[in-house]
Each structure stands twice: as structure tokens, then as C-alpha cells.
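The structure under discussion appears below in the form of C-alpha cells.
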Amino acid sequence: MPSDNLPYAADAESPLKEAELAVLRRQYEGEGQFVGVQTKFNYAWGLIKSDKRVEQQLGVKLLTDIFRDHPERRRECLYYLALGNYRLGNYAEARKYNEALLNHEPQNLQSQSLRTLIDDKVAREGLLGVAIISGVALAAGVVGSALWRGMAKRR
């Protein structure tokens, strides 16, 4: 597991238990239309730690709302927006939020380790993409060569 080497980014790999998320959901829903910003933040935090993509997406949406509507809470939203986007596979967005936090707090160990996770994931997926493209190009070359030979025999 990548977080074994990066203890500060443990949030990146450890999901919240369903019962723990249910507590946060009940509190959030119980406050209705007058939900407090801290309750909303707590619920969003729990959602991005979920293994369910739809819950992670809702968590990022709630954090984005807090980031937009409550300027005094932006700094604390940055890391979790980066983490949520990382978990969703939106690495460019994750990097954007994480770098914004590192610009303000260059010594933030959570953010530094999340940067490493993001960079490693991008590098791994980039290599996988290159391998796939290479395989497709090789297959196209083989098919093209066979077609070329077939046409040459007909002449």
C-alpha cells in the first residue's frame, strides 16, 4: 500500500466505515436547510473517504461549495479537495488544489506526501497509457503490413 511509506497521507487509502459515515449523514440531514458549515465539512470529509465513487463526488461537491461560499474555510478545504479529486482519479485537479496549499504551507507534511502519491499515480498511469498506445500501434502496423502484402500479391 502506498501510504505505508507516506504516513501523513493515510487518508488517501483508508476508507471510513459505513457506520461512521452514517453518523455524519444523519447529523448533516438532521440540520436540514440550515446545515452548519462544520457539519457540512465533516460530512464531505466522510464522503471523500468512501469507497463509493458517487459518495466521493458528492463530498468533492460539498467541499467545493464550502470553498466558494466561506473564504475563511478555504485553506482547510484545499487538502481535502485535493484528496477527493485524487481518489476520483482527477489528478490534474488534485494537483491544482494540493499545490495551492503547498504554496501557502510548504512544510505541510500531509500535502507533501499527497503530492508524492499524485505524482506516482500519474507516472504509473502514464506508463500504462504508453504501453496501451504502443500495443495498438504495433497491432495496427501488423495489420497494415498484412494488408500491404495482400495488395502487392494481387498486382
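Predicted, not measured: the structure shown is a model, and the values here were computed from it.
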How long is the straight-line distance from [atom2] of [Y] back to [atom1] of [X], given to the nearest 0.5 Å?
X: D120; Y: Y91; atom1: CG; atom2: OH; result: 11.0 Å
X: K52; Y: Q57; atom1: NZ; atom2: CD; result: 13.5 Å
X: L101; Y: C77; atom1: CG; atom2: SG; result: 11.0 Å
X: Q112; Y: L117; atom1: CD; atom2: CG; result: 12.5 Å
X: L114; Y: K121; atom1: CG; atom2: NZ; result: 12.0 Å
X: L63; Y: E76; atom1: CG; atom2: CD; result: 9.5 Å

**pair R115-E99: side-chain heavy atoms closer than 4.5 Å** = yes

**Request:** Determine yes or no for a side-chain-to-main-chain donor-acceptor pair under 3.5 angstrom, with E93 supplying the side chain and N85 the backbone.
**Result:** no

**Prompt:** Do the side chain of N98 and the main chain of S111 share a donor and acceptor less than 3.5 angstrom apart?
**Reply:** yes

**Prompt:** What about L58 and I66, same hydrophobic cluster or not, with Ile/Leu/Val/Met/Phe/Trp/Tyr joined at side-chain heavy-atom distances under 4.5 Å?
**Reply:** yes

**Request:** Decide side-chain contact (heavy atoms from CB on, under 4.5 Å) for Q56 and L47; before the verdict, give the C-alpha distance in whole Å, the side-chain angles of both, and the deciding distance to 0.1 Å.
**Result:** CA-CA 5 Å; Q56 293 169 354; L47 288 167; over 6 Å; no

**Item:** Residue pair K61, D65: steps toward the salt bridge (Lys or Arg N to Asp or Glu O under 4.0 Å) verdict
**Value:** CA-CA 6 Å; K61 182 196 175 308; D65 292 346; 3.0 Å; yes

**Asked** Aromatic ring centroids of F41 and Y80 under 6.0 Å?
**Response** yes

**Request:** Work out which heavy atom in V35 is nearest to a heavy atom in K40; give both atom names and the distance.
**Result:** CG2-N, 4.2 Å

**Message:** Looking at every non-hydrogen atom in both residues, tell me the closest pair between A44 and G59 and how far apart they are.
**Reply:** CB-O, 3.6 Å

**Request:** Tell me, please, which residues at least two apart from N103 pass side chain to side chain contact (heavy atoms under 4.5 Å, CB included).
**Result:** none

**Item:** Check: Q38/N42 side-chain N/O donor and acceptor closer than 3.5 Å
**Value:** yes

**Item:** Side-chain H-bond candidate by donor/acceptor type, N108 with E105, under 3.5 Å
**Value:** yes

**Request:** Determine, stepwise, if the pair R87 / R53 fulfils side-chain contact (heavy atoms from CB on, under 4.5 Å).
**Result:** CA-CA 8 Å; R87 296 208 53 188; R53 186 171 180 81; over 6 Å; no

**Message:** Quick one, V122 with R95, criterion side-chain contact (heavy atoms from CB on, under 4.5 Å). Give me CA distance, side-chain angles, the key distance, then yes/no.
**Reply:** CA-CA 10 Å; V122 168; R95 184 175 279 146; 4.0 Å; yes

**Request:** Please assess W45 against L16 for the test side-chain contact (heavy atoms from CB on, under 4.5 Å), listing each intermediate value before the final yes or no.
**Result:** CA-CA 9 Å; W45 168 83; L16 203 61; 3.8 Å; yes

List the atom pairs, donor and acceptor, that lie under 3.5 Å between side-chain atoms in residues 18-27 and the rest of the protein, sequence neighbours left out.
residue : atom : partner : partner atom : Å
E20     : OE1  : K17     : N            : 2.9
R25     : NE   : Y43     : OH           : 3.2
R25     : NH2  : E55     : OE2          : 3.1

**Prompt:** Can you list every pair that meets ring-ring contact (aromatic ring centres under 6.0 Å, His included) and has a residue in residues 49-78, with sequence neighbours left out?
**Reply:** none

